Amino acid sequence: MSDRGDNELVQATLTGDSAAFDELIGRYEAKIFNMALRVTGNVEDAMDTTQSAFLKAYGHLARFDPAHRFFSWIYRIGLNESLDILKLRKRTASLPVEVAEETAGPERECLGREAGRAIQAALLELTPEQRVPIVLRHLHGLSYREMSEVIGIPEKTVKSRLFAGRSQLREKLTKKGLIR
């Protein structure tokens with residue numbers, strides 16, 4: 001990894017430096033994959049989404065506006081790809097989620113995995129409009145402004161969807177006995 005900024009790497013890629021785009025992939029591949037996994041709930045779909053997002057980004061790199069953050073741009077592409085896969089496949093698969101602490105004993109580790117699976121299952125029951133803001137905010141730590149850029153909707157709408165998603169998630173987890 002070099003010390004070059006994202007915009008510098010984009011420009012280098014546009015001038016034929018393929019290693020520069022490889023560096024951008026290295027910086028953001030895990031984040032795009034993680035988001036896609038949380039949105040689609042399926043490892044294969046997340047891998048397809050990640051690959052497709054970077055292929056589209058590479059093909060449309062000349063359209064990238066350096067006034068914006070590259071991360072927001074590639075994240076938006078990945079999010080759109082994830083939502084497209086959901087529309088096409090209309091399926092949800094179980095997702096193993098490890099929530100246990102590194103130093104936890106076997107009982108706590110087992111409970112952590114079970115809770116993680118239950119939370120992921122409840123998350124996948126939400127509509128994509130409710131699920132995406134929760135994933136972006138709570139799993140990736142994006143601000144409302146960043147979420148607005150990524151999703152392409154006003155901040156007020158982001159807040160509204162996040163509130164609705166949290167409420168639905170709380171209701172589902174209460175019904176499953178995970179929270180009171």
Side-chain angles (χ1 to χ4, degrees), residues 1-89 95 97-99 116 119-120 123-124 126-166 169:
M1 288 279 201
S2 71
D3 292 334
R4 296 189 289 180
D6 290 351
N7 287 348
E8 189 178 344
L9 291 171
V10 167
Q11 290 306 312
T13 301
L14 290 171
T15 60
D17 180 358
S18 62
F21 195 73
D22 289 344
E23 191 167 336
L24 287 168
I25 292 171
R27 285 182 186 179
Y28 299 113
E29 182 177 33
K31 290 180 180 185
I32 301 302
F33 175 81
N34 190 345
M35 176 274 302
L37 184 60
R38 297 297 179 167
V39 171
T40 65
N42 182 280
V43 173
E44 291 82 18
D45 287 346
M47 290 179 1
D48 290 346
T49 294
T50 304
Q51 183 177 15
S52 179
F54 281 102
L55 285 171
K56 281 192 176 182
Y58 187 80
H60 295 91
L61 204 55
R63 295 184 196 169
F64 171 69
D65 180 358
H68 299 291
R69 294 177 52 217
F70 180 80
F71 172 72
S72 296
W73 187 69
I74 188 67
Y75 209 93
R76 169 78 185 225
I77 294 170
L79 177 59
N80 288 340
E81 290 296 304
S82 297
L83 295 173
D84 287 348
I85 282 181
L86 283 181
K87 288 176 192 171
L88 288 173
R89 301 202 178 146
L95 172 68
V97 177
E98 305 249 348
V99 180
I119 291 167
Q120 180 62 25
L123 191 60
L124 289 171
L126 300 177
T127 66
E129 290 79 19
Q130 294 171 337
R131 184 180 332 138
V132 168
I134 291 173
V135 169
L136 296 179
R137 180 72 173 176
H138 296 290
L139 300 175
H140 293 283
L142 270 63
S143 68
Y144 293 119
R145 182 187 55 76
E146 291 169 325
M147 292 166 51
S148 173
E149 287 177 19
V150 168
I151 302 172
I153 58 175
E155 280 186 49
K156 286 185 178 186
T157 307
V158 167
K159 290 177 183 178
S160 167
R161 288 184 183 179
L162 186 59
F163 178 80
R166 286 174 176 158
L169 187 59

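Keep in mind that the numbers below use all heavy atoms, side chains included, and drop hydrogens, waters and symmetry copies. Owing to the predicted nature of the structure, the values given are computational and were not obtained by experimental measurement.
With a 6.0 Å radius and a threshold of 12 heavy atoms from other residues, nucleotides or ligands, Glu129 has its CD atom above the threshold.
The line from CD1 of Ile134 to CZ of Arg161 is 12.5 Å long, rounded to the nearest 0.5 Å. The CD1 atom of Ile25 sits 11.5 Å away from atom CG of Leu9, with the distance rounded to the nearest 0.5 Å. Going from atom CD of Gln11 over to atom CZ of Phe64 covers 9.0 Å, rounded to the nearest 0.5 Å. A distance of 8.0 Å separates CG of Asn80 from NZ of Lys56, quoted to the nearest 0.5 Å. Rounding to the nearest 0.5 Å places CG of Leu79 at 9.5 Å from CG of Asp84. In this structure, CD in Glu146 is found 10.0 Å from CD in Glu155, a value given to the nearest 0.5 Å.
When every heavy atom of Ala36 is checked against every heavy atom of Thr49, the shortest pair comes out as CB-CG2, 3.6 Å. Here the closest non-hydrogen pair linking Leu14 and Ala62 is CD2-N, 3.8 Å. The shortest non-hydrogen separation linking Ala20 to Thr13 is CB-OG1, 3.4 Å. For the pair Phe33 and Thr50, the tightest heavy-atom approach, listed with the atom from each and the gap, is CA-OG1, 3.2 Å. When all heavy atoms of Asp45 and Thr40 are compared, the pair lying nearest together is CB-OG1, 3.7 Å. Between Ser52 and Glu81, the closest heavy-atom pair is OG-OE1, 2.6 Å.
Taking 4.5 Å as the limit, every side-chain heavy atom of Phe54 sits out of range of all side-chain heavy atoms of Leu24. Side chains of Asp6 and Arg27 form a contact here, defined as non-hydrogen atoms less than 4.5 Å apart. In this structure the side chain of Arg166 reaches within 4.5 angstrom of the side chain of Arg137, judged on heavy atoms. Considering only heavy atoms from C-beta on, Arg131 comes within 4.5 Å of Leu86 through its side chain. A heavy-atom distance below 4.5 Å is not found between the side chains of Val158 and Leu136. No side-chain heavy atom of Ile77 sits under 4.5 Å from any side-chain heavy atom of Ile32.
Checking Leu162, Leu126, Ile151 one by one against Val132, the side-chain contact (heavy atoms from CB on, under 4.5 Å) holds for a single residue, Ile151.
Between Arg69 and Glu149 there is no salt bridge, since no side-chain nitrogen of the basic residue lies less than 4.0 Å from a carboxylate oxygen of the acidic one.
The aromatic rings of Phe21 and Tyr58 sit perpendicular to each other, their planes meeting at more than 60°, with 30° as the lower class boundary.
Geometrically, Lys159 engages Tyr144 in a cation-pi contact defined by less than 6.0 Å to the ring centre and at most 45° from the axis.
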